[in-house]
Protein chains: 2
Amino acid sequence: MSPAKRAPRKPPRPYHHGNLRRALLDEALVTIRAEGVEGLTLREIGARVGVSRTALYRHFADKRALLTAVATEGFRTLREQLVSAWDAGGHDDAAFQAMGVAYIGFAVANPSHYRVMFGGFVHAEVHDPELEVEAEGAFQALVDALAALQRDGVMRAEDIALMATHVWSLVHGVATLAIDGQLHRTGAFDDLVRYSLARLRTGIADTRKA
Amino acid sequence: MSPAKRAPRKPPRPYHHGNLRRALLDEALVTIRAEGVEGLTLREIGARVGVSRTALYRHFADKRALLTAVATEGFRTLREQLVSAWDAGGHDDAAFQAMGVAYIGFAVANPSHYRVMFGGFVHAEVHDPELEVEAEGAFQALVDALAALQRDGVMRAEDIALMATHVWSLVHGVATLAIDGQLHRTGAFDDLVRYSLARLRTGIADTRKA
DNA sequence: CAGCAAGTGTTGACGTTGTCAACACCGTGC
DNA sequence: GCACGGTGTTGACAACGTCAACACTTGCTG
């Protein structure tokens, strides 16, 4: 055994962590992914990062603030994936379908994270400006794509916010029902996604003659 | 002050409650409605019913079981309201729209209750047979209506489970986004509901010549 | 009618959790 | 070289879900 009981030389971890906020956020996301939102405890993520249970309070006001930050990152990631899908395609009809698949895919691949974003653990009359910005950004990705399609005469030339919200509602609905395990009634999940996006498209497509 | 400290004559409440399960369920729903799911504590609802904190365990296995029962009642109420809307109309296109309005209306009028049904507080790999039955019943109301409309040539003659799930996804999406306060970007909520249901209808309508 | 068993409700206690208050350590600027 | 704000720690507390042990009540069996 090492004789030095006190004053250990070269402690492997200095008193100040360096970027504890980042580390806590990462660890929180890992834990949520593994055990769900309900399984997240402040004490455990502190321990996992190698820090005491209340160190977190120097970086987040409370548990809700931590979850809000997690949600904010989720919206940022979601927007990136939506934009990627849209840009990878030809900014056309097919690319729009790909965006829908990407949205639902994000939710299904990260169910617990998605739940933090929409499950009511956050906000509830509290407005976090940073969260609003990122959520708005993800929504805007959808609006931009629809605007392009309207311009090209692919989609109806209607109130774009209304149309975007309609589209969002559908993919959000499919995503949350899938996450909640409510889709066992239908056959293959991929078939449902394809069908639903096709019917969505029919509903908002421009049917005028060119 | 009454001299009788012990052995009070005629206790206003007998030892056995009579129908404690029913009372607990009602009180739980009232509390959830008032303070949300997160605000529900077993101790408080016990106290509110005038019973000790653990009396509840004679009627529900644990907190989750109580919430599952609340969710089950929610699905039952939802089905009733859907069927009412469908039957009140002429079993036609307009009645179907009314069903959509009723669905979203239920969620918006009972946001916390709706969240218990879909927010992942329940099931999560656990299957409650009674819950499944009621959830299935609500879904079936939708299937029945769509089947009638397909028969009448109003809606496309496609896989009915697929179509019903698509419809369900849309109304569920609108409902949850509304509950989560994510629809402030759009204008009047009623306009969105009308628009969304109209576009939904276009997407699944039968366009063949009669 | 005696008594026993199952059902129902109570009290006490335990471990866990989020959070606050008070204190300790660290780095930087005067 | 020293004060100070930022950062991390320990101790404590109330609230919560849940278990175990006990008490009362009702209804059945002999």
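Order of the sequence lines sets the chain letters (A, B, ...), proteins ahead of strands, with each chain counted from 1.
- With distances taken from any side-chain atom of B:Ser52 to the nucleotides C:dT11, D:dG17, C:dG9, the minimum falls on C:dT11.
- In this structure, the CG atom of A:Leu42 is 6 Å from the P atom of C:dT19, given to the nearest Å.
- Put simply, CZ on A:Arg43 is 11 Å from C1' on D:dC13, counting in whole angstrom units.
- Salt-bridge check for B:Arg48 with B:Glu35: passed, with a basic side-chain N closer than 4.0 Å to an acidic carboxylate O.
- Each of B:Thr54 and A:Lys63 was assigned the nucleotide of DNA chain C with the nearest heavy atom; the assignment lying further toward the 5' end belongs to B:Thr54.
- The pair B:Arg185-A:Glu136 meets the salt-bridge criterion, since a charged nitrogen lies less than 4.0 angstrom from a carboxylate oxygen.
- If you measure from atom CZ of B:Arg64 to atom C1' of D:dT18, you get 15 Å, rounded to the nearest angstrom.
- The CZ atom of B:Arg21 sits 15 Å away from the P atom of C:dG7 (whole-angstrom rounding).
- Backbone-only contact: B:Leu40 has heavy atoms under 4.0 Å from sugar-phosphate atoms and none from a base.
- In this structure, B:His59 atom NE2 and C:dG7 atom P are separated by 12 Å, rounded to whole Å.
- Counting any heavy atom pair closer than 4.0 Å across all strands shown, A:Leu56 reaches no nucleic acid atom.
- Rounded to an integer number of Å, the gap from A:Ile45 CD1 to D:dG8 P is 13 Å.
- Rounded to an integer number of Å, the gap from B:Glu35 CD to D:dC16 P is 10 Å.
- Evaluation of atom-type donor-acceptor distances gives a pair under 3.5 Å for the side chain of B:Arg53 against the base of C:dG12.
- Ion pair A:Asp128/A:Arg64 not flagged as a salt bridge, since none of the NZ, NE, NH1 or NH2 atoms sits closer than 4.0 Å to an Asp/Glu carboxylate oxygen.
- Ion pairing between A:Asp26 and A:Arg22 holds under the 4.0 Å rule for side-chain N and carboxylate O.
- Each of B:Leu200, B:Val174, B:Leu170 was checked for a side-chain contact (heavy atoms from CB on, under 4.5 Å) with A:Leu170, and the lone residue meeting it is B:Leu170.
- For a distance-only test at 3.5 Å, the side chain of B:Arg58 fails to qualify as a donor-acceptor partner of the base of C:dG7.
- One interatomic measurement links the two molecules: OH of A:Tyr57 to C1' of D:dG6, which rounds to 19 Å at whole-angstrom precision.
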